Participant: 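Please see the structure below; I have some questions.
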Amino acid sequence: MLANKLNKEQVSAIADRLDNVVGNHFHDSVVSALHAVGWDGWGEEGISDEDVYRVKIELALGYLKEYQDYYDNKHNL
């Protein structure tokens with residue numbers, strides 16, 4: 001059974017909540033990811049906010065590409 005679609009207000013509320021939760025821990029998550037792959041030699045200042053922002057952009061573009069591919073495949077059948 002398919003669930004009902006979320007309305008715009010629900011989507012916005014969920015997005016706002018995720019922005020808070022993920023946004024508050026995103027910088028630390030980027031640093032943790034760098035440590036996990038062994039790239040932890042960036043100096044005493046740590047990773048810059050600009051670099052974290054660039055990671056966010058890359059992540060967002062990846063999600064957009066994933067959705068575009070899904071949408072294209074769904075409507076090309």
Side-chain angles (χ1 to χ4, degrees):
M1 179 168 110
L2 293 175
N4 291 331
K5 290 188 175 184
L6 297 172
N7 65 38
K8 184 175 173 126
E9 182 181 346
Q10 291 167 322
V11 170
S12 183
I14 293 167
D16 287 346
R17 176 66 180 138
L18 286 173
D19 187 42
N20 262 345
V21 171
V22 174
N24 288 340
H25 301 286
F26 197 86
H27 193 110
D28 292 339
S29 296
V30 170
V31 171
S32 178
L34 287 168
H35 282 296
V37 296
W39 294 340
D40 48 344
W42 55 81
E44 290 182 25
E45 292 84 29
I47 188 169
S48 73
D49 288 341
E50 180 181 329
D51 284 332
V52 171
Y53 184 70
R54 290 173 50 215
V55 171
K56 284 183 181 182
I57 291 170
E58 184 71 20
L59 183 62
L61 291 174
Y63 282 130
L64 289 172
K65 172 78 170 100
E66 179 182 334
Y67 178 75
Q68 185 66 54
D69 291 346
Y70 163 78
Y71 184 87
D72 289 347
N73 287 333
K74 181 178 178 180
H75 291 90
N76 287 333
L77 296 177

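Please read these numbers as outputs of a predicted model, since none were measured by experiment. Scope of the values below: all heavy atoms of this structure, side chains included, with no hydrogens, waters or symmetry mates.
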Participant: Mind checking whether Tyr63 and Val30 sit in one hydrophobic cluster, side chains of I, L, V, M, F, W, Y counted as touching below 4.5 Å?
Facilitator: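 Yes, one cluster joins them.
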
Participant: Mind checking the NZ-CG spacing from Lys56 to Asp51? Nearest 0.5 Å is all I need.
Facilitator: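 The distance works out to 13.0 Å.
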
Participant: Look at the side chain of Asn73 and the backbone N and O of Asp69, then say whether any donor-acceptor pair between them is shorter than 3.5 Å.
Facilitator: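 Judged by distance alone, yes, a pair lies under 3.5 Å.
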
Participant: Please check if Val37 and Val31 belong to a single hydrophobic cluster, counting links between Ile, Leu, Val, Met, Phe, Trp and Tyr side chain heavy atoms closer than 4.5 Å.
Facilitator: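 Linked, Val37 and Val31 end up in one cluster.
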
Participant: Give, for atom CG of Asp19 and atom CZ of Phe26, the distance between the pair rounded to the nearest 0.5 Å.
Facilitator: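 Reported value, rounded in 0.5 Å steps: 11.0 Å.
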
Participant: Measuring from His75:NE2 to Tyr70:OH, what's the distance to the nearest 0.5 Å?
Facilitator: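 His75 atom NE2 to Tyr70 atom OH measures 8.0 Å (nearest 0.5 Å).
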
Participant: Same hydrophobic cluster for Val11 and Val22, using side-chain heavy-atom links shorter than 4.5 Å among ILVMFWY?
Facilitator: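 No; Val22 is not reachable from Val11 via cluster members.
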
Participant: Search all heavy atoms of Gln10 against all heavy atoms of Lys5 and return the closest pair with its distance.
Facilitator: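 Scanning both residues completely, I find the closest heavy atoms to be OE1-O, 4.4 Å.
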
Participant: Is a donor on one side and an acceptor on the other found under 3.5 Å between the side chain of Ser29 and the backbone of His25?
Facilitator: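 Pair found, side chain donor or acceptor close to backbone of His25.
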
Participant: Measuring from atom OG of Ser32 to atom NE2 of His27, what distance do you get when rounded to the nearest 0.5 angstrom?
Facilitator: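 One finds 12.0 Å between OG of Ser32 and NE2 of His27.
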
Participant: Drop me the distance from Leu59's CG to Arg54's CZ, to the nearest 0.5 angstrom.
Facilitator: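 That separation rounds to 14.5 Å.
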
Participant: Linking I/L/V/M/F/W/Y whenever their side-chain heavy atoms sit closer than 4.5 Å, directly or via other members, would Ile47 and Trp39 fall into one cluster?
Facilitator: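 Yes, Ile47 and Trp39 fall within the same hydrophobic cluster.
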
